[in-house]
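These notes concern the structure reproduced below.
Numbers restart at 1 for each chain; the letters A, B, ... are given by sequence-line order, proteins then strands.
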Protein chains: 2
Amino acid sequence: MPEKSELEMLCLEKGLRMTGQRRIIASVISLAGDHPDVEEIHKRAVQRDNGISIATVYRTVKLMEEFGLVERHEFGDGRARFEVTPEAHHDHIIDVETGEIVEFVDPELELLQRHIAERLGYRLVDHRMELFAVKITGR
Amino acid sequence: MPEKSELEMLCLEKGLRMTGQRRIIASVISLAGDHPDVEEIHKRAVQRDNGISIATVYRTVKLMEEFGLVERHEFGDGRARFEVTPEAHHDHIIDVETGEIVEFVDPELELLQRHIAERLGYRLVDHRMELFAVKITGR
DNA sequence: CTAGCTGCAAATTCTTTGCTACTAT
DNA sequence: ATAGTAGCAAAGAATTTGCAGCTAG
């Protein structure tokens, strides 16, 4: 048996029942450097077990999301995209020309968001931010 | 004929053909103080002309969005919500308990976002940010 | 007049779910 | 053992679209 993926171990910690399908799906998400959608996760999973159904992928990512193990993003293209919940929160820049996604953290930004909310009488519980941008070409 | 809504005038400026249905839909969006989704816009439009189909609402908001007259938002509940494109850009705080949406502008935030993008080699073309929060009760 | 719009229903796309057989624990 | 899971196909929800008749300009 191949070694456990990071996400599989997180699932075990939460006491989730680990089926063969879930192991593969967990591994696919763990190894993904990008932010794959369900169809893409399914495509990669099927390469390792051609019997996995897309319904199982949907059920699995939903389950993992409910346990806080993966994060769901909606980048505006209509389908949900996933990544292992990062240790440190980060936001995304989407290159509108290439679709490439860059992650970043900015503590100043996080602080400012909290302040804005407080100024309006709210306590921030979550936020979502995406920057849409184009690469600056060196002239 | 009732007077023209703000959004209807914007449509005319763009040279859009103004049908009865479009006038009503424009007016509904113009007068909405909230951020109605297509179903809600349709519901309000039907009160003034019970023949308007929801397909027309979909087509109309899409058209107006393509002309930059309305803005589409996805607040994470699966359906798109609309508002007349504001003069000055603003972001949203969503009260996760009540669903209430508060608009705000923060120049400092806008600036910071541009800086973050530039720092990573990008030129910001757009952004989306929603703060999810709960009202601070006075103890 | 005629390009463009509308209503209707069928089609798409993404996601969820009922059911029966199967499997992790 | 047995509660939870997988596959399949059908159901849903939001949105789009083909078509034939209607309408703004």
Side-chain angles (χ1 to χ4, degrees), chain A residues 1 4 7-29 35-43 45-46 48-67 69-82, chain B residues 1 4 7-9 11-29 35-43 45-67 69-82:
Chain A
M1 179 175 309
K4 294 178 174 57
L7 184 49
E8 176 175 353
M9 295 207 278
L10 293 170
C11 289
L12 292 169
E13 282 172 25
K14 294 283 182 177
L16 299 190
R17 187 190 285 204
M18 290 317 284
T19 63
Q21 293 90 329
R22 286 189 183 171
R23 261 195 272 283
I24 291 176
I25 293 166
S27 167
V28 164
I29 299 174
H35 298 70
D37 58 27
V38 167
E39 193 181 329
E40 185 59 37
I41 293 169
H42 181 236
K43 203 174 293 172
V46 163
R48 301 204 229 158
D49 171 353
N50 64 356
I52 293 186
S53 93
I54 198 157
T56 297
V57 179
Y58 273 108
R59 282 193 273 237
T60 302
V61 295
K62 181 175 226 182
L63 180 78
M64 291 177 179
E65 192 202 355
E66 281 163 357
F67 277 85
L69 305 178
V70 307
E71 257 181 24
R72 169 190 306 251
H73 298 288
E74 319 248 347
F75 290 147
D77 50 5
R79 55 224 135 112
R81 297 162 160 276
F82 299 86
Chain B
M1 179 174 310
K4 294 179 172 60
L7 184 48
E8 176 176 351
M9 296 210 275
C11 289
L12 291 169
E13 282 171 25
K14 293 284 184 180
L16 298 190
R17 188 189 283 203
M18 291 315 287
T19 64
Q21 292 90 326
R22 286 190 183 169
R23 265 195 211 98
I24 292 175
I25 293 167
S27 166
V28 165
I29 300 173
H35 298 71
D37 59 27
V38 167
E39 194 180 329
E40 185 59 36
I41 293 169
H42 181 235
K43 202 173 294 172
V46 163
Q47 293 179 344
R48 299 206 231 158
D49 170 354
N50 64 356
I52 292 186
S53 93
I54 198 158
T56 296
V57 178
Y58 273 109
R59 281 193 274 235
T60 302
V61 294
K62 182 177 225 182
L63 180 77
M64 291 178 180
E65 192 202 355
E66 283 162 356
F67 276 84
L69 306 178
V70 307
E71 257 180 23
R72 168 190 308 251
H73 299 288
E74 319 249 347
F75 291 146
D77 50 6
R79 54 226 138 108
R81 297 161 160 277
F82 299 85

Name the closest nucleotide to the [X] side chain, picking from [options].
X: R79(B); options: dA14(D), dA24(D), dC8(C); answer: dA14(D)
X: T19(B); options: dT15(C), dG25(D), dC5(C); answer: dC5(C)
X: T56(A); options: dA6(D), dC14(C), dT16(D); answer: dA6(D)
X: R22(A); options: dT25(C), dC5(C), dA6(D); answer: dA6(D)
X: Q21(B); options: dT6(C), dT15(C), dG4(D); answer: dT6(C)

Can you tell me whether the side chain of R59(B) and the base of dG18(D) have a donor-acceptor pair closer than 3.5 Å?
yes

N/O donor-acceptor pair, side chain R17(A) with base dA3(D), under 3.5 angstrom:
yes

Base, sugar-phosphate or nothing for G78(A)? Non-hydrogen atoms, less than 4.0 Å.
sugar-phosphate

Once you apply a heavy-atom cut-off of 4.0 Å, does I54(A) come out as touching a base, just sugar-phosphate, or nothing?
nothing

Could you tell me how far apart [X] ([atom1]) and [N] ([atom2]) are, to the nearest whole angstrom?
X: E40(B); N: dA14(D); atom1: CD; atom2: C1'; result: 16 Å
X: L12(A); N: dT25(C); atom1: CG; atom2: P; result: 8 Å
X: Y58(B); N: dT6(C); atom1: OH; atom2: C1'; result: 17 Å
X: K14(A); N: dA24(C); atom1: NZ; atom2: P; result: 23 Å
X: D49(B); N: dC5(C); atom1: CG; atom2: C1'; result: 14 Å
X: R23(A); N: dA6(D); atom1: CZ; atom2: P; result: 11 Å
X: K62(A); N: dA6(D); atom1: NZ; atom2: C1'; result: 16 Å
X: F82(A); N: dC14(C); atom1: CZ; atom2: P; result: 13 Å

Identify, between V38(B) and G51(A), the residue whose nearest nucleotide on DNA chain D lies closer to the 5' end.
G51(A)

Main-chain N/O of [Y] paired with [X] side-chain donor or acceptor, under 3.5 Å:
X: H42(B); Y: Y58(B); value: no
X: R22(A); Y: R17(A); value: yes
X: R72(A); Y: A80(A); value: no

By nearest nucleotide on DNA chain C, pick out whichever of A55(B) and G20(B) is the more 5' one.
G20(B)

In T56(A), V57(A), L63(A), the residue satisfying side-chain contact (heavy atoms from CB on, under 4.5 Å) with T60(A) is T56(A)

Would you mind telling me which of H73(B), R79(B), R81(B) makes a side chain to side chain donor-acceptor pair (under 3.5 Å) with D37(B)?
R79(B)

